[in-house]
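Just so you know, these numbers use all the heavy atoms, side chains as well, and skip hydrogens, waters and symmetry mates. Counting starts at 1 for both ligands and their atoms, following the listed order.
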Amino acid sequence: MARQGKKNRDEAFWVKALESAGLGVWDWDLRTGTCFYSATWERMLGYEENELAATSDLWLQLTHPDDRERALASGDRHIAGLADTIETELRLKHKQGHWIWVLDRGGTVERDAGGKPVRLMGVQTDISKQKAAEAALEQVNIRFRLALAASGTGIWHYDMATKKSYWDARTRDMFGVVADTDEVDGDLWHSYLHPDDKEAAERAHQPPPGSNGVTASQYRIIRRDGQIRHIESLVRFIGAAGEAGQILGTVRDITEAKLREQELAFAARHDALTGLWNRAAFDRLLADQIATGVPLAVFYVDLDYFKALNDFAGHAAGDLALKSVAAGIGSCLPPSAHAARLGGDEFALMVPDCDAAQAERLAGAILAAVRDADLGLAATSRRLAASIGIAIVRDRVTTVADALACADDACYAAKAAGRDRFALFSTDAVSGSGGLNAARLAADTVDAMDDGRLKLFGQEIHRLGRPWEENRHVEVLARLAGKSGRLIPPGEFIPAAERFGVAARLDRWIIRTALSRHSAAMKSGAITLGFNLSAQTLSDPGLWDFVDRIIEETGAPHSGIGFEITETAAVTNFDAAETFVRKARERRCRVSLDDFGAGMSSFEYLRRFPVDAIKIDGSFIEHVTESRFDREIVLAIASIARSLGCAVVAEKIERQETVAMLGDMGVEFGQGFLLHRPEPLERIVARATGMAGASGRKAS
Ligand code: C2E
Ligand code: CA
Ligand code: CA
């Protein structure tokens, strides 16, 4: 009884204990194959007592399929004597359909005579909550490890008490440390620091104990193999770790990002093809340089024939040419200079502390470098050249735009003057005399020769008192049809042409064009033409050969051609001019001294150049009827001319009284609006040819 009572009391006690502990008990008899499950076990799974049929494999039926094998194996191992206890985790199906995790622990409680287990007992504990927490933690860990791996972040810590450092594998790898364990010497890190970054990095790695802020820093390390790497670091103090706390840090190698950043910064300021500065960067550099007040030279370099090369050899060849031109230009420049590609085939250079003479020498070197530029395969047939404009900037107040416009302007002039050359402007010249317009005009004049906008006009020269038909001499006058269609008088574009060295080309063009168009009329004797020669044209040693060749080509007679020379623009090569005048007269071309009396050295010219005629400057003629002074001058010139055997021509005859007075003074020839207003040369020639035909018929 007592025993029974004790047993009953024990049972009730155990049930209560199991209940409150949330434990389910199983009791398995291997001999009968039956298994008992406690009411607490059933309740753990959401069932009422005895609601489940107590078959021996009940638990197995309720076990998650994935866990069955493991659970069975754990029991089998124990029964076979390979394990002291059964211990396994498995999922059981709750009545409501979800799975609950249980920890199953048990073992043998009875053996047969041979020692073989015949009865096993165990408890199952609901560990779903721990499992969920574990899973959540594992999730966090997985994510954390993934994030570390993905960002290439290494972790290290330093123990304040033991003064030891621990670097994870990634940190060691980053620094190039070969070691199998995490523990490294406490001073190791310091020995890697780049001297320039050492102090700041060390400061950033000393978070005050007790603080909980994160300090971010970047520093460079020099690895033992010499490589420099950029490291980004986050550091904080952890009070709860170690005896005296730890410094915990992460490191990330940001070398690639740094390089990309530098590349981007470079790309933002440079031309991708040539590596030279781009326009925006150049403008800033130039502004800074001008602000220093040190005189500097600004070059504007425009390639000639580049478009032709591009069209002919293709863009790849064009790119190659630009690159080698850029390299060539770069090799000429002093270290303080800057070069930029402004786009297309235009470059700009800035040379600090450079005067005009130095700039000109430099320009010569650049021209040579461009001519020598390697054009690859296309080089066999094509060459490049450059037109360079130079502006010397001395004034702090000059704007970048002005400086560049000025150099551009000079470049225009260089182009107009025939390419493969340079032109120099001082900023004073541009702001003073409207040099910009003059340069454009000169360039436009050159273009006009090609596109038919340079026109030939003519003005009849009369023997005074006689009809023009008797001598039929015409002075050829140039006209420029502006792009807007306006006719620009030579008084505007000839000085510009002279200033920018285009006048000689202009005169040659006029001569060639007039002779090839009207040689027939000249040969027939219907007309003679007088050409104006600028001082530049006259200074050209090749001028006579040129004229001679054109005469030969066109068949125009020498005697039908006259040249008018002036002293207004100084002749720079007197020998060449004298030779020309001599040769021209030998071949019976007529030569006149134009604008006689207007310049200071008219008589000097007369002495040096034996001529056929003197043209008295129009300023003495227009008021000759009222001005006694002008009359005296005209009389003097006329008498000198007569004594030298020269004909005399009066310009600018506008009134009838003037004609009468000039006749009295012995002036034989005249020209002026009264007698004839300049008109297109071909109209005059057509008229003259008609007259010649008519008189020819009369004569026959
Ligand atoms: P120029 O050689 O003295 O030519 C005469 C200029 O006087 C012409 O001006 C003519 O239109 C103008 N003229 C003629 N009669 C009168 C008149 O009664 N009253 C007034 N007020 N003017 C008159 P244009 O055609 O404007 O030429 C101006 C100058 O340009 C020429 O002066 C000549 O020096 C130069 N020129 C013209 N064509 C050429 C050329 O092909 N080559 C060169 N180098 N110079 C040229
Ligand atoms: Ca003239
Ligand atoms: Ca004249």
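Only protein N, O or S atoms were considered, and those under 3.0 Å from the Ca ion (ligand 3) are D594 OD1, D595 OD1, E651 OE1, E651 OE2.
With hydrogens and angles ignored, the 3.5 Å screen pairs a side-chain donor or acceptor of D507 with a backbone N or O of S534. Checked by atom type and distance alone, the side chain of R508 never pairs as donor or acceptor with a backbone atom of I511 at under 3.5 Å.
Residue contacts to the Ca ion (ligand 2): S592 brings no N, O or S atom closer than 3.0 Å.
Side-chain contact, D302 with S387: no donor N or O sits under 3.5 Å from an acceptor N or O.
With respect to the salt-bridge test (charged N to carboxylate O, under 4.0 angstrom), the residues R590 and D612 do not qualify.
For F596 and F603, the ring centers sit closer than 6.0 Å to each other.
Both tests hold for R677 against F673: distance to the six-membered ring centre under 6.0 Å, angle to the ring axis within 45°.
Below 30°, between 30° and 60°, or above 60°: for F531 and F563 the angle between ring planes is between 30° and 60°, a tilted geometry.
Near ligand 1, residues Q459, E475, L477, A478, R479, P490, I494, D507, I510, N532, L533, S534, D594, D595, E651, K652, I653, E654, G672, F673, P678 come within 4.0 angstrom through at least one heavy atom.
When each of E475, Q671, H676 is checked for a side-chain hydrogen bond (donor to acceptor under 3.5 Å, both in side chains) with Q459, only Q671 meets the rule.
Once rounded to the nearest 0.5 Å, the distance linking CG of L362 with CG of L367 reads 10.0 Å. For the atom pair I561 CD1 and M522 CE, the distance stands at 4.5 Å (nearest 0.5 Å).
Geometry note: the Ca ion (ligand 2) is the vertex, E475 OE2 and N532 OD1 are the arms, and the angle is 90° (rounded to 10 degrees).
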